[in-house]
Protein chains: 2
Amino acid sequence: MTSFTEENYLKAIFKINEKTSKPASTNGIALQISTSAASVTDMLKRLAEKELINYEKYKGVTLTPVGNKIATNLIRKHRLWEVFLVNKLNFSWEQVHDIAEDLEHIKSDSLIQRLDNYLGNPRFDPHGDPIPNAEGKFMIRNQTSLDQLSAKQKGVLVGVSQHQLEFLQYLNELEIKLGSEFEIISITSFDKSVKIRKDGMVDITLSHEVTKNLLVKKLV
Amino acid sequence: MTSFTEENYLKAIFKINEKTSKPASTNGIALQISTSAASVTDMLKRLAEKELINYEKYKGVTLTPVGNKIATNLIRKHRLWEVFLVNKLNFSWEQVHDIAEDLEHIKSDSLIQRLDNYLGNPRFDPHGDPIPNAEGKFMIRNQTSLDQLSAKQKGVLVGVSQHQLEFLQYLNELEIKLGSEFEIISITSFDKSVKIRKDGMVDITLSHEVTKNLLVKKLV
DNA sequence: TACTATTTTTAGATTAGTCTAAAAATAACC
DNA sequence: GGTTATTTTTAGACTAATCTAAAAATAGTA
Ligand SMILES: [Mn+2]
Ligand SMILES: [Mn+2]
Ligand SMILES: [Mn+2]
Ligand SMILES: [Mn+2]
């Protein structure tokens, strides 16, 4: 059996591998888990022993197929629970991550299968992140960050690449949510800030810090 | 913060106190948690240190008000999750205990408050056990075990005092569920086995081992 | 009351997971 | 290419939770 702690390491390694497309470094994992590098090295030995990771001293780590299965399953559970919390219990999208962080460790395949079914087999979570299927496959979606669009182009919000509380709350204030439609009105070359028309209604100016974290599907 | 393990000890002590109306013994707790008496003594010291239990060497333990609050809250969460699993995810009553045993440790007051609301503020769980309110108060219900009824008396099933898998599956086979109505047809004095008429339809013979674990509300 | 059986506690070890400080390996730079 | 700087690993210690075996306390009984 994999412990709560081991699971968190596997998930961290998965996320780093995914984001950087490189083996995860000891320091990178330590940062992600908020622990010391020494603790990470300790745990890497144990995970390698269990054949959940490929680990060579000083060379960084990747997941074995078994480790990958566990990690993607955690992400699947995390995102399904987030859908439950938002769609059924009416939590807001910025409130659910921490709770899902605990719920994802509940070990019951039948529970997840039934939950998935109960929620209508959702393919994306409340933040627009894809929910891997039971085999760990992720759905690929055509998307760009909003800062890649040029004037007059339109897009619909399908996700966010930042999950920080303050960011999501800021979007709430602007009434920007998944499904919101944007038309680029103008772009300031100096600071890359963008004036957009939201849902054909209101014009809002967004900083580059914001637009680069908004994932949109281009509209023709 | 109270750990997963500490919570399980508090719940075990609560259950023993409730069942025996006496301080819980070291061996009693060890049996309940499936651990050694030495481990229990260790943990009792720690829980006493945290002022969650009243503990005097060799004298057994009871819960302090704070310990009691934690224990009843665990039972509240456990039973609410069981309702969710049965009513929303269509699990059967004999499948939910183990999953709820994990879910009960999820720490989020808003989650439980919303879950309670979502389920329609149920007052009893799928096994007929009362769900304590947020203050830890249990609803008292007028009930007797079926073996206390005499011939010609009628009762409706409101709970079971045995939650073992095999017992619940046996009841499933006989199509006995909460709400089932019984009329006592006859009682065999030799072994206290009872012939009942279920829902005015079928006659079944139940052993004393079964009838003593069926909790009914008498009907006039 | 004295002896025996049972229960409970202590003593001492073990394992998972963590830490700090120091040593070793690798990467960066002049 | 040699010297720093950074990263990673090792060494050694700590805590929570567990165990077995032995000692101490309590309960049961003749
Ligand atoms: Mn999340
Ligand atoms: Mn998410
Ligand atoms: Mn239960
Ligand atoms: Mn129950």
Side-chain angles (χ1 to χ4, degrees), chain A residues 1-13 15-17 19-63 67 70-71 74 101-102 104-105 107, chain B residues 1-13 15-17 19-63 67 70-71 74 101-102 104-105 107:
Chain A
M1 244 316 81
T2 58
S3 72
F4 189 98
T5 314
E6 290 170 328
E7 290 187 341
N8 281 335
Y9 274 92
L10 293 175
K11 206 175 50 150
I13 294 165
K15 287 193 171 172
I16 293 168
N17 287 167
K19 176 171 283 178
T20 65
S21 301
K22 274 187 290 189
S25 70
T26 301
N27 266 352
I29 298 166
L31 197 74
Q32 178 91 20
I33 313 245
S34 300
T35 189
S36 71
S39 298
V40 173
T41 302
D42 251 27
M43 181 57 88
L44 294 184
K45 287 179 192 166
R46 252 171 296 170
L47 293 174
E49 184 63 37
K50 287 190 171 191
E51 300 188 32
L52 299 175
I53 61 171
N54 307 113
Y55 171 53
E56 222 182 321
K57 273 194 199 179
Y58 296 103
K59 298 283 171 68
V61 280
T62 57
L63 298 171
I70 295 172
L74 283 165
E101 207 64 12
D102 287 338
E104 72 188 13
H105 298 285
K107 289 176 177 62
Chain B
M1 242 319 80
T2 57
S3 72
F4 188 98
T5 315
E6 289 170 331
E7 289 187 342
N8 282 335
Y9 274 92
L10 293 174
K11 207 175 49 151
I13 294 164
K15 286 193 172 170
I16 293 169
N17 288 167
K19 176 171 283 179
T20 65
S21 302
K22 274 186 289 189
S25 71
T26 301
N27 265 352
I29 298 167
L31 196 74
Q32 179 90 18
I33 314 246
S34 299
T35 189
S36 72
S39 298
V40 173
T41 303
D42 252 24
M43 180 57 89
L44 293 183
K45 286 179 192 168
R46 253 172 297 174
L47 292 174
E49 185 63 36
K50 288 191 171 190
E51 299 189 34
L52 299 175
I53 60 170
N54 307 112
Y55 171 53
E56 222 182 322
K57 273 194 200 177
Y58 297 102
K59 298 283 171 65
V61 280
T62 57
L63 298 170
I70 295 172
L74 283 166
E101 206 64 14
D102 287 337
E104 73 187 13
H105 298 285
K107 289 177 176 61

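Computation of the quantities below employed the complete heavy-atom set of this structure, encompassing side-chain atoms and omitting hydrogens, waters and symmetry-equivalent molecules. Here is how names work: the chains are called A, B, and so on, in the same order as the sequence lines, proteins then strands, and each is numbered from 1. Computed from a predicted model, the values in this text were never measured in an experiment.
Within the structure, a side-chain polar atom (N or O) of Ser3(A) is placed less than 4.0 Å from OP1 or OP2 of dG17(C). Side-chain nitrogen and oxygen atoms of Tyr55(A) include none within less than 4.0 Å of the OP1 or OP2 phosphate oxygen of dT8(D). Thr35(B) has a side-chain polar atom (N or O) that falls below the 4.0 Å cut-off from OP1 or OP2 of dC19(D). Here Arg46(A) does not reach the OP1 or OP2 of dA16(C): none of its side-chain N or O atoms lies under 4.0 Å away. Phosphate proximity of dA16(D) to Tyr9(B): absent, as no side-chain N or O sits under 4.0 Å from OP1 or OP2.
If you take CE of Met43(B) and P of dC19(D), they are 11 Å apart, rounded to a whole angstrom. Protein atom CG of Asp42(B) is 15 Å distant from nucleotide atom P of dT8(C), rounded to whole Å. Straight-line distance from the NZ atom of Lys50(B) to the P atom of dA16(D): 8 Å, rounded to whole Å. Atom pair Glu6(A):CD and dA16(C):C1' shows a separation of 9 Å (rounding to whole Å applied). In this entry the distance linking CG of Leu44(B) with P of dA17(D) reads 13 Å, nearest Å. Across the protein-nucleic acid pair, Lys45(A) atom NZ and dA11(D) atom P stand 8 Å apart, rounded to whole Å. Between the P atom of dC19(D) and the CD1 atom of Ile33(B) lies a distance of 11 Å, rounded to the nearest Å.
For the salt bridge (Lys or Arg N to Asp or Glu O under 4.0 Å) with Glu6(B), the lone residue among Lys45(B), Arg46(B), Lys11(B), Lys50(B) that qualifies is Lys50(B).
Between atom CG of residue Leu44(B) and atom CD1 of residue Ile29(B) there is a gap of 5.0 Å, rounded to the nearest 0.5 Å. Once rounded to the nearest 0.5 Å, the distance linking OH of Tyr9(B) with CD of Gln32(B) reads 11.5 Å. Considering CG of Leu74(A) and CD of Glu104(A), their distance stands at 5.5 Å, rounded to 0.5 Å.
Using a 4.0 Å cut-off on heavy atoms, none of the residues of residues 21-31 of chain B approach DNA chain D.
Contact check for Ile70(B) versus Leu63(B): no side-chain heavy atoms found under the 4.5 Å cut-off.
Thr5(A) and Met43(A) make their closest contact through CG2-CE, 3.8 Å (heavy atoms, listed as atom of the first residue, atom of the second, distance). Of all non-hydrogen atoms in Ala37(B) and Thr26(B), the two that sit nearest each other are O-CG2, 3.6 Å. In terms of heavy atoms, Ile33(B) sits closest to Ala12(B) at CD1-CB, 3.7 Å. Taking both residues in full, the closest heavy atoms of Ile16(B) and Ala24(B) are given as CG2-CB, 3.6 Å, listed atom of the first, atom of the second, then distance. Nearest heavy atoms, Ala48(A) versus Ile53(A): N-CG1, 3.5 Å. Here the closest heavy-atom approach between residue Lys22(A) and residue Asn17(A) is recorded as O-ND2, 2.9 Å.
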Query raised in the report: What string of B, S and - do you get for nucleotides 20-27 of chain C, 5' to 3', when a contact is any protein heavy atom under 4.0 Å?
Result: B----SS-

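Using five terminal pairs a side, the axes of the helix from dT1(C)-dA30(D) to dC30(C)-dG1(D) at its two ends make an angle of 0°, given in steps of 10 degrees.
Nucleic acid contact class of Thr41(B) (heavy atoms, under 4.0 Å, all strands): base.
Counted by atom type alone, Asn8(B) and His105(B) present one or more donor-acceptor pairs between their side chains at under 3.5 Å.
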